[in-house]
Amino acid sequence: MCSIFQITCDGAFFNRCLDCFLGKAAYIRNLQDNLDALETELGNLIARKNDVMRRVVDAERQQMRRLDGVQVWASRVDSVKTEADQFIRDGSREIEKLCVGGYCSKNCMSSYKFGKKVAKKLRDVRSLISEGVFEVVADRAPESVADERPTERTVVGLQSQLEQVWRCLVEESAGIIGLYGMGGVGKTTLLTHINNKFLESPTNFDCVIWVVVSKDLRLEKIQEDIGKKIGLVGDSWKSKSVEEKAVDIFRSLREKRFVLLLDDIWERVDLTKVGIPLPGPKNTTSKVVFTTRFIDVCGSMEVDRKFQVACLSEKDAWELFREKVGEETLQSHHDIDELAQIVVKECGGLPLALITIGRAMAYRKKAEQWRRAIEELRRSASEFAGLGKEVYPLLKFSYDSLQNDTVRSCFLYCCLYPEDYGILKWDLIDCWFGEGFFGESDRSGAENQGYDILETLVRACLLEEVEDDEVKMHDVIRDMAIWITCEIEKEKRNFLVRAGAGLKEAPGVKGWENVRRLSLMQNQIETLAEVPTCPHLLTLFFDFNKELKMIADGFFQFTPSLKVLKMSNCLNLKLPIGMSELGSSLELLDISYTGIRELRVLRMFATGLGIFHEAPEDSVLFGGGEVLVQELLGLKYLEVLELTLGSYHALQILLSSNKLKSCIRSLYLELTGDTASIIDATAFADLNHLNELYIFKGIELEELKIDYTEIVRKRREPFVFRSLHCVIMVSCRKLKDVTFLVFAPNLKSLLVDGCDAMEEIISVGKFAETPEMMGHISPFENLQMLDLTALPELKSIYWKPLPFTHLKEMEVLRCDRLEKLPLDSNSSKERKFVICGYTKWWNRLQWEDEATQIAFRSCFQPMGVLSGGRKI
């Protein structure tokens, strides 16, 4: 018995079921066609993407930024491609399941689901193709918050400190942050990574400004760097004053959230004068971060937080050193790894030392080379104390490792330039050539050698290549070089470097005497008022002293060895003062960009000595210099004149010209063939600027006559030779006195030598002619050096004791008839001067009283023992 079930349905329901069945069956029936279409359309989509991305790459090369819509579309294409590729790979397996001519499947459900996914992916691909039509693929990128700066790939040992400072910048309210530590410890590296981190990590800051300050603090330079970053440029802005620029900077920055990074400051930077809105309670959105070597600067800058950048730990130091030396070297000998760790300990964790020495050791693959390096480091570093004694001997190892003395000399020469100064390669090589570092090489050979040496120094990390034509010295390396020249190799090198030191006055010339190379460049020196004595000076830099207006008379008088002289960019320097005194040794003279135009100074002191009587008629020296004096009358711009003449007649011509009399500073009279027995010294009274008077070999000269009565009657005061500082009389055989010098109150140096008839220095008889003057004059009040030599008839210097308040040295030789010096107890109050002579002469001297003799006993130095002073 069976049961019969009857299902009743209307036509509409049946049709819907049929449509559903046929629709699902279509996924199976069309699977092969859809897979073929998917592969074709996917190829079209990839081609479309490639076309779009080529346009994107071209735009990005032009510093443009791809549109977000393009980026999203490209990402979707990549995702769809991955899925479509998988469908295509799986398609063959699903096709094998089909039967009944592809209208049915052995596993209908599986084929249905797969066919449905393929169909959907085909629609997605076609949709992306239609969406991939872009008229514009990129737009102009906004200016980056910070300018990326080059730096080391890794931050060995600085990562934790970088994170600390970064948190302080973005999370805390600290406005001014100081990073302090010794030179070469990595402060600039840390600040550079902070700068670059603003490009990697989004913040609320609008701009990050980087400024290198250095030792030569110049607000104008800081303002220029800030202006470039915030769009304040152009000649009109550059021409504004510091105060005006400060207002512009303030207006621009007060509306911004900024970070100001100041690298390498040596003293307080007045941020207000620069124009920086000060971070504080009312301005917590902006920050200032700086690096310095001195913790005191953190105090003067009123920091909210300070971080000490210390030397690396042993672990970090070893990691950094390994990186610089390289595994190949460390593994080249089984002892080197252990020896390298000893070298690391000698470096004391200073990154700059680790990097410099690590690179120097990078290709030393013999254990003996490492042992020798350790010995050298320890020998130089045994007595370190403080910065100079802890750091520089380590850095000096790279210097000692240079090939030869020529390369070492070239390296040390670079420290004459200021900190952070871009040194032009060709200019530096010119200086090396002028100094003679390249021996007998011709110009072409010297240039090639110079560029080779520069490359050597760059490879040794002792110089940094800034541009193709510029190099510079790291400031710690520069300090080390100065330390070598001024302390370690002082006798051999002896530099004096004050370049870029912010000087307004030159260092005292007393410290220049033994200097070989001197740099005062890039300061604000206004005058060089002292005359140096530098017999060994080879190089002198005082270029870029834009305020320099005056150089003292005779500045180059005692620089006979000078080879390189640079005084370019001294814009206000208009007088070539002392230029005529530059000797034949000069190889390089740079006066570019100065105000020098016309000859105003002529120095011919001691020029033509011994040849006046041999001079031909066409020589300016003919007639004892008479022709020369006539030529000088044509120099309308002449202001300073130092001259040598060979006759009294030439002197009379000179004294007839008011113009030349107003110019004369020094006068050298060589009277070898002259017959004049009397020279009217009264005429010298009109030489208001005469500083020096030399009279040499006045064979017939008996008297330097002066009309004392006329002076008393016609002049308001008796001192007529106020400018006269130095007088030398040599081999004037008949001259009996130099009484006219009582009218030279500022005389500092007097030398009388070989004047056989000299009986008195100051004649009491001539003074007796004008008794009214006796109480008004006390000669030699400012005299510092008195040298009396070979005066066999000399009996008196002065007839009564003199105070000699400024005298430093008195030298008396072969003056056997001089039995009394013009000294008493008043002269002995200071007793600072030295009396040099022969013991026999000293022992027979007569004294004013016993107290005076006792007082001056300690002042005497027998000949052969000098006081350190020089003979006049």
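Worth knowing before you read on, the calculation uses all heavy atoms, side chains too, and leaves out hydrogens, waters and symmetry mates. Numbering of residues begins at 1 and proceeds along the displayed sequence.
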Would you find more than 12 non-hydrogen atoms of other residues, nucleotides or ligands less than 6.0 Å from [X] atom [atom1]?
X: Glu505; atom1: CD; value: no
X: Lys306; atom1: NZ; value: no
X: Glu220; atom1: CD; value: yes
X: Lys221; atom1: NZ; value: yes

Look at the side chain of [X] and the backbone N and O of [Y], then say whether any donor-acceptor pair between them is shorter than 3.5 Å.
X: Glu163; Y: Ser160; result: no
X: Gln223; Y: Val274; result: yes
X: Arg55; Y: Glu135; result: yes
X: Arg257; Y: Asn204; result: yes
X: Arg478; Y: Asp420; result: no
X: Lys187; Y: Gly181; result: yes
X: Asn523; Y: Ala501; result: yes
X: Asn545; Y: Ile525; result: yes
X: Thr559; Y: Leu562; result: no
X: Lys238; Y: Val233; result: no

Are side-chain heavy atoms of [X] and [Y] found at a separation under 4.5 Å?
X: Leu262; Y: Val212; value: no
X: Leu158; Y: Val309; value: yes
X: Pro418; Y: Met521; value: yes
X: Thr291; Y: Ile265; value: no
X: Asp216; Y: Ser214; value: no
X: Leu496; Y: Ser519; value: no
X: Tyr451; Y: Ile429; value: yes
X: Cys415; Y: Met473; value: yes

Provide the closest heavy-atom pair for [X] versus [Y] in the form atom of the first, atom of the second, distance.
X: Val471; Y: Val466; result: C-CG2, 4.0 Å
X: Ser286; Y: Lys256; result: OG-O, 3.4 Å
X: Gly349; Y: Leu354; result: C-CD1, 3.9 Å
X: Ala138; Y: Val136; result: O-CG1, 3.2 Å
X: Gly157; Y: Asp316; result: CA-OD2, 3.3 Å
X: Cys570; Y: Phe542; result: SG-O, 3.3 Å

Worked verdict on Leu416 versus Phe495 for side chain to side chain contact (heavy atoms under 4.5 Å, CB included):
CA-CA 8 Å; Leu416 294 172; Phe495 285 31; 3.7 Å; yes
Output the distance between atom [atom1] ([X]) and atom [atom2] ([Y]), rounded to the nearest 0.5 Å.
X: Lys273; Y: Ile249; atom1: NZ; atom2: CD1; answer: 14.5 Å
X: Thr192; Y: Leu162; atom1: OG1; atom2: CG; answer: 11.0 Å
X: Met550; Y: Leu528; atom1: CE; atom2: CG; answer: 8.0 Å
X: Trp432; Y: Cys414; atom1: CH2; atom2: SG; answer: 5.0 Å
X: Thr203; Y: Glu200; atom1: OG1; atom2: CD; answer: 12.0 Å
X: Phe556; Y: Cys534; atom1: CZ; atom2: SG; answer: 10.5 Å

Between Phe290 and the options Asp264, Leu260, Val303, the side-chain contact (heavy atoms from CB on, under 4.5 Å) test singles out Val303
Begin from the C-alpha positions of Val564 and Lys566 and carry the test side chain to side chain contact (heavy atoms under 4.5 Å, CB included) through to its verdict. CA-CA 7 Å; Val564 177; Lys566 293 176 65 103; 4.3 Å; yes
### Message
Tyr180 vs Phe307, test: ring-ring contact (aromatic ring centres under 6.0 Å, His included). Steps then yes/no.
### Response
CA-CA 6 Å; Tyr180 71 94; Phe307 295 88; 9.4 Å; no
Worksheet item: Under 3.5 Å, is there a donor-acceptor pair linking the side chains of Tyr413 and Thr539?
Response: yes
Applying salt bridge (Lys or Arg N to Asp or Glu O under 4.0 Å) to Glu419 and not counting sequence neighbours gives none
- Query: Should Val259 and Ile209 be marked as a side chain to side chain contact (heavy atoms under 4.5 Å, CB included) after you check the CA-CA gap, both sets of side-chain angles, and the distance that decides it?
  - Reply: CA-CA 6 Å; Val259 178; Ile209 306 166; over 6 Å; no
Problem set entry | Intermediate values then yes/no, side chain to side chain contact (heavy atoms under 4.5 Å, CB included), Asp263 and Val211 | CA-CA 6 Å; Asp263 187 34; Val211 179; over 6 Å; no
| task | Before accepting this row, confirm whether a basic side-chain N of the pair Asp147/Arg149 lies closer than 4.0 Å to the acidic partner's carboxylate O. | result |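 So Asp147 does not pair with Arg149 through a salt bridge.
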**Q.** Carboxylate-amine/guanidinium proximity below 4.0 Å for Glu435 and Arg517
**A.** yes
Sorted by chain and number, sequence neighbours left out, ring pair (Phe, Tyr, Trp, His ring centres under 6.0 Å) with Phe205 holds for Phe198
Which of these, Glu455, Glu447, Glu470, Glu465, sits in a salt bridge (Lys or Arg N to Asp or Glu O under 4.0 Å) with Lys425?
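Exactly one option meets the salt bridge (Lys or Arg N to Asp or Glu O under 4.0 Å) with Lys425, and it is Glu465.
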Return the orientation label for the Tyr399 and Phe411 ring planes: parallel under 30°, perpendicular over 60°, tilted otherwise.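 Taking Phe411 first and then Tyr399, their aromatic rings sit tilted (interplane angle of 30° to 60°).
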**Message:** Is the positively charged end of Lys197 above the ring of Trp166, judged by distance under 6.0 angstrom from the centroid and angle within 45° of the axis?
**Reply:** yes
For Asp248 and Trp237: C-alpha separation, side-chain torsions, deciding distance, then whether side-chain hydrogen bond (donor to acceptor under 3.5 Å, both in side chains) applies.
CA-CA 9 Å; Asp248 291 345; Trp237 192 77; 3.0 Å; yes
